[in-house]
Amino acid sequence: MAADAPTKITFFEFLTPLVASGKKTITIRDVSESHYQPGTQVEVYTLESHIKVCDILILSVEPLAFDDINEFHAAQESLPLDELKHLIQQVYPDQQCLFLISFSLIDAGISSNTNSTNYLVIQREFCAF
Ligand SMILES: CC(=O)Nc1ccn([C@@H]2O[C@H](CO)[C@@H](O)[C@H]2O)c(=O)n1
């Protein structure tokens, strides 16, 4: 099932303190990075220097249109909405069909098996925009 799910994810270095502190609980990626599987543990690395930052548990992966990105997402990104949209436009220019990946921080020292947060399994097929 999740045999080929990725086990690593990179974030821009300047965003990694937000991930490691649990303040940032979503990321918005394109289809090439939409293959994370809910329930799996993923290692977080900095994009620029490939330094391991922490581990996260993938909670859900669901389609999200660029135009539907709102204040709710910005709060979960721990970024101002205009900054978030500007960043996404720079990384994924002219891409309307994006994916919202929700995750929770796995605290160091706590086994991932003890983290049984309910997670959503959402069909990828409904990316109809
Ligand atoms: C290969 C690689 O690392 N790419 C990306 C892509 C996106 N992001 C961040 O995710 C959120 C939504 O896009 C924003 O906060 C972005 O800045 C990131 O950190 N790194």
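Note that these values count all heavy atoms, side chains included, but never hydrogens, waters or copies made by symmetry. For ligands, and for the atoms within them, numbers begin at 1 and follow the listed sequence. Just so we're clear, the structure is a prediction, and the values are computed from it rather than from any experiment.
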Closest to atom 10 (O) of ligand 1 among protein heavy atoms sits Thr27 OG1, 2.8 Å
Near Leu15 (heavy-atom distance under 4.0 Å), the atoms of ligand 1 are 9 (C), 15 (O), 16 (C), 17 (O), 19 (O)
Report yes if Val91 has an N/O atom closer than 3.5 Å to an N/O atom of ligand 1; otherwise report no.
no
Assess, by modelled atom type and distance only, whether the side chains of Thr16 and Thr46 contain a donor and an acceptor separated by less than 3.5 Å.
no
Indicate yes or no for a side-chain donor-acceptor contact from Tyr36 to the backbone of Leu59 under 3.5 Å, with no hydrogens or angles considered.
no
Taken to the nearest 0.5 Å, the spacing of Phe103 CZ from Lys24 NZ works out to 6.0 Å
Can you list the atoms of ligand 1 that are under 4.0 Å from a heavy atom of Thr10?
1 (C), 2 (C), 3 (O), 20 (N)
Taking only non-hydrogen atoms of Ile88 and a 4.0 Å limit, the atoms of ligand 1 in range are 12 (C), 13 (O)
Enumerated ligand 1 atoms positioned under 4.0 Å from heavy atoms of Tyr92:
6 (C)
Atom 13 (O) of ligand 1 has as its nearest protein heavy atom Ile28 O, 2.6 Å
Neighbour count above 12 (heavy atom, 6.0 Å) for Lys85 NZ:
yes
What part of Leu47, side chain, backbone, both or neither, has a heavy atom within less than 4.0 angstrom of ligand 1?
side chain
I want to know if ligand 1 touches Lys24 in the polar sense, i.e. an N/O pair below 3.5 angstrom.
yes
Among the clusters formed by ILVMFWY side chains lying less than 4.5 Å apart, do Leu79 and Val91 turn up in the same one?
yes
Can you tell me which portion of Leu79 lies within the under-4.0 Å heavy-atom range of ligand 1? Options are side chain, backbone, both, or neither.
side chain
Gln96 side chain to Asp67 main-chain N or O, any donor-acceptor pair under 3.5 Å?
yes
Do Glu13 and Tyr45 have a side chain donor and acceptor closer than 3.5 Å?
no
Passing option when Ile56 is tested against Thr27, Thr25, Val42 for side-chain contact (heavy atoms from CB on, under 4.5 Å):
Val42
Give the residue and atom name of whichever protein heavy atom lies nearest to atom 11 (C) of ligand 1, and the separation in Å to one decimal.
Glu77 OE2, 3.2 Å
re atom 19 (O) of ligand 1, the protein heavy-atom contact at minimum distance is Phe12 N, 2.9 Å
Atoms in ligand 1 with a heavy atom of Leu87 nearer than 4.0 Å:
16 (C), 17 (O)
The closest protein heavy-atom partner of atom 4 (N) of ligand 1 is Arg29 NH1, 3.6 Å
Transitively linked via ILVMFWY side-chain contacts under 4.5 Å: Ile26 with Phe72?
no
